Undergrad: 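Supplied in structure tokens, the structure appears directly below.
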Amino acid sequence: MEVEIKLRLPDAAAHRQLSSFLAPRLRRIDAQRNLFFDAAPRTLAAATAALRVRLYGLDERAPSRAVLALKRRPRIDAGVSRVEEVEEPLQPALALACADDPASLGGVDSPIIRLVAEEYGVGGDAAPFICLGGFRNTRAVYQLEEGETLGLVLELDETRFDFGTHYELECETAEPDRAKEVLERLLTVAGVPYELSRSNKFASFMAGKLLP
């Protein structure tokens with residue numbers, strides 16, 4: 001179970017303000033391309049599951065690494081997101097091949113692909129994978145200090161959909177109540193406006209619009 005705090009920022013100005021405030025704690029910036037796969041009838045989506053290939057790197061034809069993930073049964077309440085997640089590394093060249101030929105993903109030797117086939121019947125000849133599309137994300141990763149901050153790792157996202165840009169601060173944690181207090185206090189001190197997220201990026205992607 002992945003548990004995250006998700007706080008939505010209203011616009012690019014708030015994103016820049018928080019980026020500046022957190023700059024001394026910056027550890028790295030990741031360029032991500034996220035692609036989602038399903039059967040034509042949207043079998044996985046109907047079961048509240050999302051199969052994602054994430055490619056890392058600025059050069060889309062030469063990613064530095066790739067990750068395959070299955071997320072299921074997401075729940076989000078007052079900015080606390082819980083989702084069942086399994087993930088595994090994927091060879092970048094193989095990820096690119098599946099992006100170009102989505103049906104070939106069904107032939108990948110992968111525990112996740114076998115799980116999707118067994119539980120949802122997706123990925124074989126009867127229900128081959130198609131690519132639903134996706135979005136690009138720039139993620140700045142920050143490390144807070146130990147002590148009252150719990151040594152949290154923060155992820156500040158700028159997510160670019162075809163229909164708009166979403167800004168969000170995320171933090172994976174085993175102590176969501178305490179971590180949420182830390183993040184809200186940090187944003188207050190930084191003078192950055194925010195809202196508690198009520199949906200995830202995949203939901204916005206599927207809806208074709210920015211959701212709160």
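None of the values given here were measured: they were computed from a predicted structure.
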Undergrad: Under 6.0 Å from the CD atom of E60, do we count more than 12 heavy atoms belonging to anything else shown?
TA: yes
Undergrad: For the residue pair F36 and F202, does the interplanar ring angle fall in the parallel (under 30°), tilted (30 to 60°) or perpendicular (over 60°) class?
TA: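 Geometry flag for F202 against F36: tilted rings.
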Undergrad: What closest approach, in Å, do S104 and A97 show between heavy atoms, and which atom pair accounts for it?
TA: OG-O, 3.9 Å
Undergrad: Is atom CG of D59 surrounded by more than 12 heavy atoms (other residues, nucleotides or ligands) closer than 6.0 Å?
TA: yes
Undergrad: Quick check: closest heavy atoms across A78 and K180, and the distance to 0.1 Å?
TA: O-NZ, 2.7 Å
Undergrad: Would you indicate whether D125, at its atom CG, is surrounded by more than 12 heavy atoms from other residues, nucleotides or ligands within a distance under 6.0 Å?
TA: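 No, the 6.0 Å shell around CG holds no more than 12 heavy atoms from other groups.
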Undergrad: Could you check if a side-chain atom of T138 sits within less than 4.5 angstrom of a side-chain atom of R160, using non-hydrogen atoms only?
TA: yes
Undergrad: More than 12 heavy atoms of other residues, nucleotides or ligands under 6.0 Å from CD of E195: is that the case?
TA: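 Open: at most 12 neighbouring heavy atoms sit under 6.0 Å from CD of E195.
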Undergrad: Side chains of H15 and V192, heavy atoms from C-beta outward: is any pair under 4.5 Å?
TA: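 No, their side chains stay 4.5 Å or more apart.
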Undergrad: Grab the two heavy atoms, one from Q143 and one from G151, that are nearest each other, plus how far apart they are.
TA: NE2-O, 2.9 Å
Undergrad: May I ask whether I130 and L51 are part of the same hydrophobic cluster, defined by side-chain heavy atoms of I, L, V, M, F, W, Y residues being less than 4.5 angstrom apart, directly or through others?
TA: no
Undergrad: Taking A40's backbone N and O only, do any of them form a donor-acceptor pair with R42's side chain (distance below 3.5 Å, no angle check)?
TA: yes
Undergrad: Answer yes or no: is there a donor N or O on one side and an acceptor on the other, between the side chain of N137 and the main chain of Q32, under 3.5 Å?
TA: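 Absent.
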Undergrad: Does the pair R28/D30 count as a salt bridge with the N-to-O cut at 4.0 Å?
TA: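 D30 and R28: salt-bridged.
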Undergrad: Counting only heavy atoms not in L58, do more than 12 sit closer than 6.0 Å to its CG atom?
TA: no
Undergrad: With R73 as reference, evaluate R82, M1, E84 under the side-chain contact (heavy atoms from CB on, under 4.5 Å) test and give the passing residue.
TA: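 Between R73 and the candidates, side-chain contact (heavy atoms from CB on, under 4.5 Å) is satisfied uniquely by E84.
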Undergrad: Work out which heavy atom in L105 is nearest to a heavy atom in F37; give both atom names and the distance.
TA: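 Heavy-atom minimum between the residues: CD2-CG, 3.7 Å.
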Undergrad: Are the side chains of L211 and K209 in touch, meaning some heavy atoms are under 4.5 Å apart?
TA: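 Side chain of L211 against side chain of K209, heavy atoms only: contact under 4.5 Å found.
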Undergrad: For the atom pair CG (L196) and OG (S81), what is the distance rounded to the nearest 0.5 Å?
TA: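 Here the interatomic distance stands at 12.5 Å.
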Undergrad: Between P63 and P92, what is the shortest heavy-atom contact and its length?
TA: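 Here P63 and P92 meet closest at O-CB, 3.7 Å.
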Undergrad: In sequence, state the C-alpha distance, the side-chain angles, and the governing distance for E87 and R54, and then conclude on salt bridge (charged side-chain N to carboxylate O under 4.0 Å, His left out).
TA: CA-CA 10 Å; E87 63 177 30; R54 173 173 287 168; over 6 Å; no
Undergrad: Only one of I5, D157, L7, N200 passes side-chain contact (heavy atoms from CB on, under 4.5 Å) with E170; say which it is.
TA: D157
Undergrad: Checking D77 side chain against V80 main chain: does a donor-acceptor pair fall under 3.5 Å?
TA: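 A pair under 3.5 Å: no.
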Undergrad: Charged N to carboxylate O below 4.0 Å: is that the case for K71 and E2?
TA: yes
Undergrad: So, for S199 and E168, which heavy atoms are closest and what is the spacing to 0.1 Å?
TA: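 Shortest heavy-atom contact: O-OE2, 4.4 Å.
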Undergrad: Taking the ring centre of each residue, are Y194 and Y167 less than 6.0 Å apart?
TA: no
